[in-house]
Undergrad: 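Starting off with a structure, shown below.
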Amino acid sequence: MREGARRELVKNKIPFDRHRSKPITLQIYEKSDCIIALDEIIFGKVKKKVGGDSDKKIRMLKDADGNNIIVKNPFNAHNYSGSYSKIFMGCTELLKDVTK
């Protein structure tokens with residue numbers, strides 16, 4: 001994990017010790033209820049990798065108005081705080097949506 005990401009998670013008291021990233025597979029797709037893509041390119045790649053999305057599990061984060069939130073790679077922009085804010089907002093809206 002990048003040091004900037006680590007600092008942002010620590011600052012916001014988000015545990016991450018047990019998290020391990022792994023490439024998406026059809027098996028992961030089948031076991032998952034929801035897969036979040038942080039931009040349209042990743043959305044398309046995930047969909048292609050798992051052979052479509054007939055179950056509508058692959059989602060983009062959305063703002064309160066229902067617009068897609070695009071999270072640029074924070075490493076390239078050196079903007080971990082901005083990425084965290086966008087992801088937090090999108091997850092807050094997603095939680096509202098799934099608990100209706």
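Just so it is clear, the model here is predicted, and its values are computed rather than measured.
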Undergrad: Applying salt bridge (charged side-chain N to carboxylate O under 4.0 Å, His left out), can you list everything that pairs with Asp63, at least two apart in sequence or on another chain?
TA: none
Undergrad: Measuring only between side-chain heavy atoms, which start at C-beta, is Ile58 closer than 4.5 Å to Val50?
TA: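 Result yes, sub-4.5 Å side-chain heavy-atom pair found.
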Undergrad: Tell me, yes or no, whether the heavy-atom count around Asp33 atom CG, taken from other residues, nucleotides or ligands under 6.0 Å, exceeds 12.
TA: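 Counting neighbours around CG of Asp33, 12 or fewer heavy atoms of other residues, nucleotides or ligands fall under 6.0 Å, so no.
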Undergrad: Can you list every side chain to side chain donor-acceptor pair (under 3.5 Å) pair that touches residues 36-58, not counting sequence neighbours?
TA: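 Qualifying pairs, neighbours excluded: Tyr29-Asp53.
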Undergrad: Can you list the other members of the hydrophobic cluster that holds Ile36, where links are side-chain heavy atoms under 4.5 angstrom apart?
TA: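 Besides Ile36, the cluster holds Leu38, Leu61, Ile69, Val71, Ile87, Met89, Leu94, Leu95, Val98.
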Undergrad: Evaluate the criterion side-chain contact (heavy atoms from CB on, under 4.5 Å) for residue pair Arg59 and Asp97; output intermediate values, then yes/no.
TA: CA-CA 12 Å; Arg59 300 175 76 166; Asp97 185 46; 2.5 Å; yes
Undergrad: Around atom CG of Leu26, are there more than 12 heavy atoms of other residues, nucleotides or ligands at under 6.0 Å?
TA: yes
Undergrad: Going through the distances and angles, do Asn68 and Lys62 end up as a side chain to side chain donor-acceptor pair (under 3.5 Å)?
TA: CA-CA 4 Å; Asn68 285 349; Lys62 299 200 179 283; 2.4 Å; yes
Undergrad: With sequence neighbours left out, what residues match Lys96 under salt bridge (charged side-chain N to carboxylate O under 4.0 Å, His left out)?
TA: Glu93
Undergrad: Donor-acceptor pairs under 3.5 Å, side chain of residues 2-18 to any protein atom, not counting sequence neighbours: which ones?
TA:
from: Glu8; atom 1: OE1; to: Lys11; atom 2: NZ; distance (Å): 3.4
from: Glu8; atom 1: OE2; to: Lys11; atom 2: NZ; distance (Å): 3.3
from: Glu8; atom 1: OE2; to: Asn12; atom 2: ND2; distance (Å): 3.0
from: Asn12; atom 1: ND2; to: Glu8; atom 2: O; distance (Å): 2.9

Undergrad: Quick check: does any side chain N or O of Ser32 sit under 3.5 Å from a backbone N or O of Ile35, one acting as donor and the other as acceptor?
TA: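 Not confirmed, Ser32 side chain does not pair with Ile35 backbone.
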